[in-house]
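Take a look at the structure set out below.
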Amino acid sequence: MSPMETAGVEPADFLAERDFGGRDREALLSELSRVLPRGALLVSPEDARPYECDGLTAYRQLPLAVALPDSEDQVRAILRICASLDVPVVARGAGTSLSGGAMPHKDGVVLSLARLRSILALDPLARTARVQPGVRNLAISEAAAAHGLYYAPDPSSQIACTIGGNVAENSGGVHCLKYGLTVHNVLRVRAITIEGEALEIGSEAPDAPGYDLAALINGSEGMLAVITEITVRLTPKPLTAKVVLAAFDDVVHAGDAVAAVIAAGIIPAGMEMMDQPATRAVEPFVHAGYPLDAKALLLAESDGTPEEVEEEIGRIREVMAANGATGIRVSRDEAERLRFWSGRKAAFPAVGRISPDYYCMDGTIPRKRLAEMLTAIATLEGKYGLRCCNVFHAGDGNLHPLILYDANAAGELERAEEFGGEILELSVEYGGTITGEHGVGIEKIGQMCSQFSRQELAMFHRVKAAFDPRGLLNPGKAIPTLNRCVEFGRLHVHKGGVPHPELPRF
């Protein structure tokens, strides 16, 4: 019988926030030291401090130890040791994630994959690259550039974030509208289970028999297995690309223009929105040439052959003008195109210059409701007494509101969290979801109770248990227990406001 059957509880209860205290720390460190090179095991608080959080710095926790393997064999050995001693493991890439998914467990080991950073093979004919998880996103494109190829998903953190973390969070980027998220650009994954067994998931062939486990691994947040190798799809560089920069005197008009572009049958390579607070933070930082009097800006890129680009740019301009654009510019050369995008990609660090702290949200809504959401966020600013800069992957409805606060001011972090929670609740209410690319981690685990039913959450736990029956990989993340949902005060309510028949009314 399984541990769950022995205990007589459901998976959702078995994988609750378990008490991992009382581990034999000395035995653990002794075993890890045996398989790792000198200097590859960090145990002092000072050495472990850089690993205490990811990009969501409001939450921090020191681990028992940090392991820095440089081979798959060492990864396998670490996992086997931790499994034998019932020690939690949190896999970590560059730590640029923004949902607390890489925050350590106080009784566990951080398994850093930063030293597995080799590009193992690059096949320009098959248009694939086989890489280790610690390879930076941008480094793949740099290696493929000589062959006229690149890796399409381009998160704003692409100069630092690693491909293993991209797979764990199913990252997107400004060009995911046309070229897809990480899941659409990963062909094959090699991963190690908590027991140290290797899994080969996916295929370089156009299709593979059986269940699509590759899609399951993408976005699994390190909860199912530890990734040690990834084969990605490379895309030919377009012959040319241009960007339309459109200014609007009303955020509602800008939101409506996004929906109108897609409704016209146009799929830009990327389509991004920034409101006035965001552009006013960005412009002094990167000097992108943004008009500061505009209430909102849209960036829409077209790429392909020169003829295709000219035709599509003309159509985009027509739609923007018909939907209230007060000014339209088209990039004149490659330098200006990159400058337009530099402002959008630098939005997060730029906002850090005008506020002591900010809380970056990540929800997704139907494009037709962008204007409605922007109006709602403005109302919430007044409710919580906090400013918000809005940066959107507008083309696919992925929101990144940046809530500004001061962690040293009493109550501001709590208000920022409540503000962000309401945005996520609205995302679900508007027909969307609580995350687009940042994952759930610890940040959105409460809102998972709003989006999913009891049965759906139980199924998630069963999938987790199939890979990791003792719940040792990244415990307490992404999937809430039913008890947590009850404490949170809600579970999923179906459309029409009728609660699930088996659920209590809250």
Side-chain angles (χ1 to χ4, degrees), residues 17 42 45-69 88-117 133-138 153 155-173 182 218-224 226-227 347-349 351-352 356-363 398 400-403 405 407 413 416-417 420 424 434-448 473-479:
E17 290 82 354
L42 310 180
E46 292 80 9
D47 290 339
R49 189 74 61 189
Y51 299 87
E52 67 181 354
C53 67
D54 59 12
L56 183 61
T57 57
Y59 304 97
R60 302 167 186 264
Q61 176 65 62
L62 285 174
L64 281 181
V66 178
L68 298 161
V89 179
V90 177
R92 177 188 171 97
T96 60
S97 50
L98 291 164
S99 62
M103 192 180 80
H105 193 289
K106 65 182 178 65
D107 297 318
V109 170
V110 167
L111 176 53
S112 171
L113 300 163
R115 295 185 178 180
L116 277 70
R117 53 177 182 266
V135 173
R136 292 179 302 112
N137 176 289
L138 187 58
S156 295
S157 58
Q158 68 178 151
I159 62 171
C161 66
T162 57
I163 188 65
N166 291 172
V167 173
E169 302 294 345
N170 192 21
S171 301
T182 301
N218 278 274
S220 60
E221 302 193 31
M223 297 177 64
L224 304 183
V226 175
I227 296 168
F348 290 8
V351 167
D357 302 281
Y358 67 83
Y359 188 26
C360 176
M361 300 310 301
D362 167 54
N398 187 196
H400 290 322
L402 305 174
I403 302 168
Y405 73 98
L413 171 58
E417 290 177 313
L424 299 179
I434 62 171
T435 185
E437 58 173 339
H438 291 179
V440 175
I442 60 170
E443 176 198 35
K444 306 182 186 77
I445 198 164
Q447 280 73 32
M448 285 284 284
L473 289 175
N474 215 6
K477 310 285 179 60
I479 308 171

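- Side-chain contact between Leu111 and Pro69: present, with at least one pair of heavy atoms (C-beta onward) separated by less than 4.5 Å.
- A donor-acceptor pair under 3.5 Å is formed between the side chain of Asp54 and the backbone N or O of Gly100.
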Inset, instruction - Show your reasoning for whether side chain to side chain contact (heavy atoms under 4.5 Å, CB included) applies to Ile442 and Lys477. - result: CA-CA 5 Å; Ile442 60 170; Lys477 310 285 179 60; 3.4 Å; yes
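- In summary, Arg49 and Glu52 engage in a salt bridge, as defined by a charged side-chain N under 4.0 Å from a carboxylate O.
- Asn218 contributes no side-chain N or O that, together with a main-chain N or O of Asn170, makes up a donor-acceptor pair within less than 3.5 Å.
- Of all heavy-atom pairs spanning Ala58 and Tyr405, the tightest one is CB-OH, 4.1 Å.
- In terms of heavy-atom proximity, His438 sits nearest to Cys360 at CE1-SG, 3.6 Å.
- Note that the NZ atom of Lys444 and the OG1 atom of Thr435 stand 4.0 Å from one another [nearest 0.5 Å].
- Checking side-chain atoms of Asn166 against main-chain N and O of Cys161 turns up no donor-acceptor pair under 3.5 Å.
- Of the inter-residue distances, the one linking Ser99 atom OG with Glu443 atom CD reads 6.0 Å to the nearest 0.5 angstrom.
- To the nearest 0.5 Å, the span separating OG on Ser171 from CD on Glu437 amounts to 6.0 Å.
- Closest non-hydrogen pair, His105 versus Val90, comes out as N-CG2, 3.9 Å.
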Inset, instruction - Evaluate the criterion side chain to side chain contact (heavy atoms under 4.5 Å, CB included) for residue pair Leu473 and Val226; output intermediate values, then yes/no. - result: CA-CA 9 Å; Leu473 289 175; Val226 175; 4.2 Å; yes
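- In this structure, the separation between CG on Leu98 and OG1 on Thr57 is 9.5 Å, given to the nearest 0.5 Å.
- A pairwise comparison of heavy atoms in Arg136 and Ile159 identifies NH1-O, 2.9 Å as the closest pair.
- The closest donor-acceptor contact from the side chain of Asn474 to the backbone of Gly222 lies at 3.5 Å or more, if one exists at all.
- With Thr182 contributing its side chain and Val167 its backbone, the two residues share no donor-acceptor pair below 3.5 Å.
- Proximity of Met361 to Leu424: side-chain heavy atoms (C-beta onward) are separated by under 4.5 Å at one or more points.
- Relative orientation of the Phe348 and His400 rings is perpendicular, given thresholds of 30° and 60° on the angle between their planes.
- In this structure, Asn398 contributes its side chain and Gly363 its backbone to a donor-acceptor pair below 3.5 Å.
- Heavy-atom minimum distance, Gly420 versus Ile403: N-CD1, 3.5 Å.
- Going from atom CD1 of Ile227 over to atom CG of Leu113 covers 8.5 Å, rounded to the nearest 0.5 Å.
- Interatomic distance, CG of Leu68 versus CG of Leu116, reported as 10.5 Å (0.5 Å rounding).
- Side-chain atoms of Glu221 come within 3.5 Å of backbone atoms of Val440 as a donor-acceptor pair (strictly under, hydrogens ignored).
- Side-chain N or O atoms of Gln447 include none that pairs as donor or acceptor with a backbone N or O of Ile434 at under 3.5 Å.
- Closest approach of Asp362 to Gly439, counting heavy atoms only: OD2-N, 4.1 Å.
- Between the side chain of Arg92 and the main chain of Ser112, no donor-acceptor pair closer than 3.5 Å is present.
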